[in-house]
Amino acid sequence: MSVRWDCCKISLQAPPLDYSFRGISFIQDLVTEEPRAGPKVIKRSPRGKLLTRAVRLNNNTINELTDFAPTMEQLLEYPEELSWVDLSFNDLMTIDLVLTTYPNLRALNLHGNSIQSLGEVDKLAALPCLRTLTLHGNPIEEEKGYRHYVLAALPQLKCFDFSGVTKQDRATAAAWRRMNLTRKAAAKRRGDD
């Protein structure tokens, strides 16, 4: 147990595994691609796997997260401890459910992608620890009620699109949700669906 504790403690302070600006299109390419070197080296476990809780995959051409889980298993000693994933500036059109399998995920950067349906955000409600989320620069940002919808769907957020979430934001989002749910329910009863 003490080896795991020591490794977990080290991974808390470790820099992110950085694959940004690598021209990566497929997640499985991470296994053969060399990560960017940073000022601080990521330590390895006795099994040779990396001890970090953060992965940067930003500014690539990733359009799906096929093989994300097995690749993280191959690279990280404790992939279940993943707490920050940066997938900004890629070509993602949806929020892949694989991200919801990381219950310790606290920060998720998805800005500058091609996410088109606001309903995709609902998937992230399965992440109890999620506190920071970015989605701006996606087509969904143009939808009416974008900020209110996201904050209503994810009331645990502390920071959204690089700005803090206030009590007033939460109250407005809750009111917006009640109004919109009431309208939808009334339309459904009338058959306006």
Side-chain angles (χ1 to χ4, degrees), residues 12-13 15-16 18 20-21 27 52-65 68-69 72 79-193:
L12 271 174
Q13 302 160 352
D18 190 353
S20 58
F21 298 96
I27 294 294
T52 185
R53 293 181 177 197
V55 179
R56 295 182 77 181
L57 300 165
N58 57 299
N59 294 280
N60 285 296
T61 56
I62 299 166
N63 62 17
E64 63 181 15
L65 297 181
F68 187 85
M72 292 300 110
E80 70 280 4
E81 297 294 328
L82 199 58
S83 64
W84 177 51
V85 177
D86 185 350
L87 284 158
S88 60
F89 301 106
N90 276 286
D91 298 322
L92 297 171
M93 296 182 77
T94 62
I95 297 174
D96 196 301
L97 284 173
V98 72
L99 295 171
T100 65
T101 64
Y102 296 92
N104 294 307
L105 199 58
R106 296 184 61 75
L108 181 59
N109 296 77
L110 291 168
H111 57 280
N113 275 283
S114 301
I115 300 168
Q116 305 200 17
S117 171
L118 206 45
E120 289 291 312
V121 173
D122 295 339
K123 297 173 184 177
L124 300 176
L127 295 170
C129 296
L130 189 65
R131 298 295 181 266
T132 302
L133 176 67
T134 60
L135 287 167
H136 63 89
N138 282 283
I140 61 172
E141 185 181 26
E142 303 302 319
E143 288 194 38
K144 186 177 180 183
Y146 160 73
R147 184 171 176 86
H148 302 310
Y149 184 98
V150 173
L151 295 179
L154 306 170
Q156 76 277 22
L157 289 181
K158 303 277 187 214
C159 184
F160 176 57
D161 282 348
F162 297 114
S163 69
V165 177
T166 66
K167 286 181 182 177
Q168 182 60 48
D169 287 333
R170 288 184 215 294
T172 304
W176 181 89
R177 183 175 182 98
R178 281 191 305 275
M179 281 179 30
N180 283 288
L181 289 178
T182 304
R183 248 188 246 140
K184 282 183 183 178
K188 195 171 190 172
R189 281 192 303 272
R190 288 191 313 263
D192 295 349
D193 205 28

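For this chain, numbers begin at 1 and follow the sequence in order.
Note that the CG atom of L118 and the CD atom of E143 stand 4.5 Å from one another [nearest 0.5 Å]. Interatomic distance, I62 CD1 to L57 CG, rounded to the nearest 0.5 Å: 5.0 Å. Atom CD of Q116 is separated from atom CD of E142 by 12.0 Å, given to the nearest 0.5 angstrom.
In this structure D18 satisfies the salt bridge (Lys or Arg N to Asp or Glu O under 4.0 Å) test together with R36, R56, sequence neighbours excluded. For T172, the side-chain contact (heavy atoms from CB on, under 4.5 Å) partners two or more places apart in sequence, or in a different chain, are H148, Q168. Not counting sequence neighbours, the partners of F89 by the side-chain contact (heavy atoms from CB on, under 4.5 Å) test are N59, H111. Among residues two or more places apart in sequence or in another chain, the side-chain contact (heavy atoms from CB on, under 4.5 Å) test is passed with E141 by H136, Y146. Every side-chain contact (heavy atoms from CB on, under 4.5 Å) that R131 has, sequence neighbours left out, goes to R106, Q156, K158. With sequence neighbours left out, T100 forms a side-chain hydrogen bond (donor to acceptor under 3.5 Å, both in side chains) with no residue at all. Applying the side-chain hydrogen bond (donor to acceptor under 3.5 Å, both in side chains) test to S83 and every residue at least two apart in sequence or in another chain returns nothing. Residues passing the salt bridge (Lys or Arg N to Asp or Glu O under 4.0 Å) test with D91: none are found, sequence neighbours excluded. Here D86 pairs with S88 under the side-chain hydrogen bond (donor to acceptor under 3.5 Å, both in side chains) rule; sequence neighbours left out.
At a threshold of 4.5 Å between non-hydrogen side-chain atoms, the residues I140 and E120 do not count as touching. Two residues are said to be in side-chain contact when any heavy atoms from C-beta on lie closer than 4.5 Å; F162 and N109 meet this criterion. At least one side-chain heavy atom of D161 sits under 4.5 Å from a side-chain heavy atom of L135. Side-chain contact between V150 and L157 is present, with at least one heavy-atom pair separated by less than 4.5 Å.
Residue L92 comes nearest to L110 through the heavy atom pair CD1-CD2, 4.1 Å, listed as atom of the first residue, atom of the second, then distance. For W176 against K144, the heavy-atom pair with the smallest separation is CZ2-O, 4.4 Å. A173 and L151 make their closest contact through CB-CB, 3.7 Å (heavy atoms, listed as atom of the first residue, atom of the second, distance). Considering all non-hydrogen atoms of both residues, I27 and F68 come closest at CG2-CA, 3.6 Å. Across T132 and L130, no two heavy atoms sit closer than the pair O-CD1, 3.6 Å. The heavy-atom pair separating P139 from I115 by the smallest distance is CD-O, 3.1 Å.
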Please step through side-chain contact (heavy atoms from CB on, under 4.5 Å) for the pair F21 and N58, ending with a clear verdict. CA-CA 7 Å; F21 298 96; N58 57 299; 4.1 Å; yes

Tell me, with the steps shown, if M93 and N63 meet side-chain contact (heavy atoms from CB on, under 4.5 Å). CA-CA 7 Å; M93 296 182 77; N63 62 17; over 6 Å; no

Could you go through D122 and Y149, starting from their C-alpha distance and side-chain angles, then the distance that decides it, and tell me whether this counts as side-chain contact (heavy atoms from CB on, under 4.5 Å)? CA-CA 9 Å; D122 295 339; Y149 184 98; 2.8 Å; yes

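Counting only distance, with no hydrogens or angles, the side chain of N138 and the backbone of N113 share a donor-acceptor pair below 3.5 Å. Under the 3.5 Å distance criterion, the side-chain polar atoms of N104 are matched with a main-chain donor or acceptor of E80. Not one N or O on the side chain of N60 forms a donor-acceptor pair closer than 3.5 Å with the backbone of N90.
The salt bridge (charged side-chain N to carboxylate O under 4.0 Å, His left out) analysis of residues 162-172, with sequence neighbours excluded, yields the pairs R147-D169.
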